[in-house]
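Working notes for the structure below.
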There are 4 protein chains.
Amino acid sequence: MIINSVNTLFDQALTKTSLSEKQKKVLKASLLLFSKNGFDRTSTKEIAEKAQVSEGTVYKQFKTKEGILAAILKPFVKSVIPSAAAEFITALSQANYPLLEEFLTQVVQNRMEFAIENKLQLKIFAQEVLHDKNLAYTLKHEIGGELVVKMGLALKYYQKQGQLVAWAPQRIAQYIISTVMGYLVPCILLDQPLDVPEASKEAVEFLIKGLKKNSE
Amino acid sequence: MIINSVNTLFDQALTKTSLSEKQKKVLKASLLLFSKNGFDRTSTKEIAEKAQVSEGTVYKQFKTKEGILAAILKPFVKSVIPSAAAEFITALSQANYPLLEEFLTQVVQNRMEFAIENKLQLKIFAQEVLHDKNLAYTLKHEIGGELVVKMGLALKYYQKQGQLVAWAPQRIAQYIISTVMGYLVPCILLDQPLDVPEASKEAVEFLIKGLKKNSE
Amino acid sequence: MIINSVNTLFDQALTKTSLSEKQKKVLKASLLLFSKNGFDRTSTKEIAEKAQVSEGTVYKQFKTKEGILAAILKPFVKSVIPSAAAEFITALSQANYPLLEEFLTQVVQNRMEFAIENKLQLKIFAQEVLHDKNLAYTLKHEIGGELVVKMGLALKYYQKQGQLVAWAPQRIAQYIISTVMGYLVPCILLDQPLDVPEASKEAVEFLIKGLKKNSE
Amino acid sequence: MIINSVNTLFDQALTKTSLSEKQKKVLKASLLLFSKNGFDRTSTKEIAEKAQVSEGTVYKQFKTKEGILAAILKPFVKSVIPSAAAEFITALSQANYPLLEEFLTQVVQNRMEFAIENKLQLKIFAQEVLHDKNLAYTLKHEIGGELVVKMGLALKYYQKQGQLVAWAPQRIAQYIISTVMGYLVPCILLDQPLDVPEASKEAVEFLIKGLKKNSE
DNA sequence: CATGAATGAGTCTTCATTCAT
DNA sequence: CATGAATGAAGACTCATTCAT
């Protein structure tokens, strides 16, 4: 059921034959240090030490410190939209989820699992978004835009069926995302575990109440 | 109606007699630079230049660069809970808001206005929370805890009246906060304006649907 | 009689009020180290130590290591042509030197003195010319061109008087320069003193023989 | 007529059986890069890439980067004096050049051709002389000394014949060298071609005028 | 009391050199 | 024997902080 996991994603990158064992250790060390202390508060010397590697080795593959950041975030960002979008498409095309609740459960649970498993990258990404206005812009318009389009199709389906309130897809998407985030943020910030099944059950319960079409 | 505004808060700090005109300029410059580029990517030289002050002067009042950060965030943090808590108390003690919807409207709108007006501090605060696990912990347990206690009283009031679903206060608070955040985050990240009345109307509409006790 | 001396030139730069005492020490130390070991083989740390100054101070005035090089070479280069050109103009306009020999003596001696006194800069400049093709090009076309024009006037004067062989000014200039260089190069490379009066007397003796118009 | 050419010299080194094909490529690449960018501004990685060889291979034959420099300059330096000296000896012993002009023409033309064909090594050599005072010293005393001795014999021959001014051999040698250099330097610095026959004709014309014994 | 020159530890990055494969 | 990954010492440069003026 879980399509993308942090291990899946990050280990995919690490499994690439193009990266030597040491380069992988560099990425792992950087992932931990960046997410814990932030990009700017992590020195390449620290990375080298944590990775048990020389500083020179750090620069063999990743030409600059920012190159390490990119190597960590790129596979993460690249997979966020496509895999999320895939779910909405699936919901529609195969009519696997006749009930809105089933659909929301699937989406919410899946995204929560993805986020928890990519907790560290997500935190690093959040740091970057706060620093880089361009990234924030891209996130909203390019990534968000694409997602809303795909999501819109699925939502319209449930709206037509009278299961979903007739608000704009963007607004509905925002509520879904922010409700899910409400569960994720504390556990990402504090590095705490999350009972995903329980959390997604709760989240869906609230979302269904808040988003279902009021029957008269 | 608006109790706390960025100007109110920040200018309160700046109006303190203990701060000279130059120190105020330092704080203003730091606020802008920290929120735009991040704490680590802002040098004290930049601050001095933007504040049209010498580097020495920067260090006269604020012993360290972190001291400037503290001077910016302290009044912000200090006022978040008390002023928010005050509203919940008010709601109860004076029974000014007999309807949950009225109460939510008041709280949501007020907090949105507060956030928008303290946009820059909020962004800096978010950056720090991502860097500093202690801060995140404090935020959740001390600040959040105090708030939930106060909020719990108000919520219990509406629950008893059968207007509010019988979920744990913490859960309800979380949904309120995350729904409001859904509106705030894009505008804080992208430095965009927010139509607070419209946004709070929408947010309340969703929250009421999602949180009202299902009548039978 | 001596118009430009290394002290004149370099100390002019050093006397500029815009440079603090420490900055001057940086320039002096750099001049010595660059000329002795070459630009690339001189570290900013060495410069700082020799100048008895911190590395940070080195960068206060001269934003980069290349900035120090520029600060050393600019006043040198800037004065080479104008002051040399001035002599040729003087020769003509004031008819101070009716005899070619007098003129040559003046020019040769003056340029030798200039070179000896700017020995260190000259050596650094030579190193740069060997590294930087653009600099070599500029030297030949812009600087050399301007000089030949000015020189051409003076030479033509002596040619008309039948004192100077009827070769192209550029060719004559080349012989003068290369003959003078023959005396300068060993003493610049080996940091040896040069008996300028004796050397210029010899050089002029040879040049006069080689350049005088063959009678009848 | 041309005894030593760049190809002759450098290819002699390259033809040595002790050097593998790859080592030759390393030397060729180094020659080009050192002369273009300078020794210090050329990395062994660049050399390896240009030579299409691994960095390890570079170090197989030439233990250090300086070893490559030595391998380039040694054959060059080693042949400068002997082959030049040979000409002076030839001039004398075989009385092939009864006229000073013939002798000068031969010497000047030959040395110009040698220099042009060894342009790159000459430039690298010049860079090193500017960096290394010992090299400059050796050049003057060992190499120069040996040359002046050999040359002295030839010059004395022409002086006795009344064709050559009665100056010290060193002084005459200096004029010959500097006059030739006057033609070589621009073309070495700017990597331009030189019309050697024309240039040597001109140079000799000037030298003869400047060095011939004034007949009474 | 304000200034900004001075400091020097620390940063990112390069590169000659080595050595396991 | 060739390779190129790995090393780590240096290098240029930055910046928070101090202090003499």
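By convention in this document, chain letters (A, B, ...) are assigned in the order of the sequence lines, proteins followed by strands, and residues within each chain are numbered from 1.
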remark   = Across every strand shown, the nucleotide meeting Watson-Crick or G-U wobble geometry with F/dT7 (both distances under 3.5 Å) is E/dA16
task = May I ask you to verify if any side-chain N or O of A/Q23 is less than 4.0 angstrom from the OP1 or OP2 atom of F/dA5?
result = no
inquiry  = In whole Å, I'd like the distance from the CZ atom of B/F62 to the C1' atom of F/dT18.
reply    = 18 Å
request  = To the nearest Å, give me how far apart CD (B/E66) and P (F/dA16) are.
outcome  = 11 Å
For DNA chain F, the residues among residues 41-58 of chain D that have a non-hydrogen atom under 4.0 Å from it = D/S54, D/E55, D/G56, D/T57
inquiry  = Tell me the interatomic distance from A/N37, atom CG, to E/dG10, atom P, rounded to whole angstroms.
reply    = 16 Å
inquiry  = D/D132: which residues meet the salt bridge (charged side-chain N to carboxylate O under 4.0 Å, His left out) condition with it, sequence neighbours left out?
reply    = none
query = Roughly how many Å is it from NZ in D/K65 to P in E/dT18, rounded to a whole number?
reply = 15 Å
message = What I'd like to find out is whether the side chain of D/F39 reaches to under 4.5 Å of the side chain of D/E66, using heavy atoms alone.
response = yes
note = Of C/K60 and A/E21, the one whose closest nucleotide on DNA chain F sits nearer the 5' end is A/E21
task = For D/F125, check ring pair (Phe, Tyr, Trp, His ring centres under 6.0 Å) against everything at least two apart and list the hits.
result = D/F76
task = Take the protein atom NZ of A/K25 and the nucleotide atom C1' of F/dT7, then report the distance between them rounded to whole Å.
result = 14 Å
ask   = Just how far, in rounded Å, is C1' of F/dA12 from CG of D/D40?
value = 15 Å
query = Rounding to a whole Å, what distance do you find between A/Y59:OH and F/dG11:P?
reply = 18 Å
inquiry  = Just checking A/E46: does its CD atom have more than 12 heavy atoms from other residues, nucleotides or ligands closer to it than 6.0 angstrom?
reply    = yes
message = Please name the nucleotide paired to F/dC1 by Watson-Crick or G-U wobble geometry with both distances under 3.5 Å, or report none.
response = none
key: F/dA6 OP1/OP2 closer than 4.0 Å to side-chain N/O of A/K22   = no
ask   = Between D/E128 and C/R41, is there a salt bridge with N-O shorter than 4.0 Å?
value = yes
request  = Quickly work out the B/I68 CD1 to F/dA16 C1' distance and round it to whole Å.
outcome  = 10 Å
message = E/dA6, OP1 or OP2 - any side-chain N/O from C/S20 closer than 4.0 Å?
response = yes
query = Any side-chain heavy-atom pair from B/L69 and B/F62 closer than 4.5 angstrom?
reply = no
ask   = Using 4.0 Å as the upper bound for N to carboxylate O, is an ion pair formed by B/K65 and B/E55?
value = no
query = If only side-chain N and O atoms of C/Q61 are considered, is one of them under 4.0 Å from the OP1 or OP2 phosphate oxygen of E/dA6?
reply = no
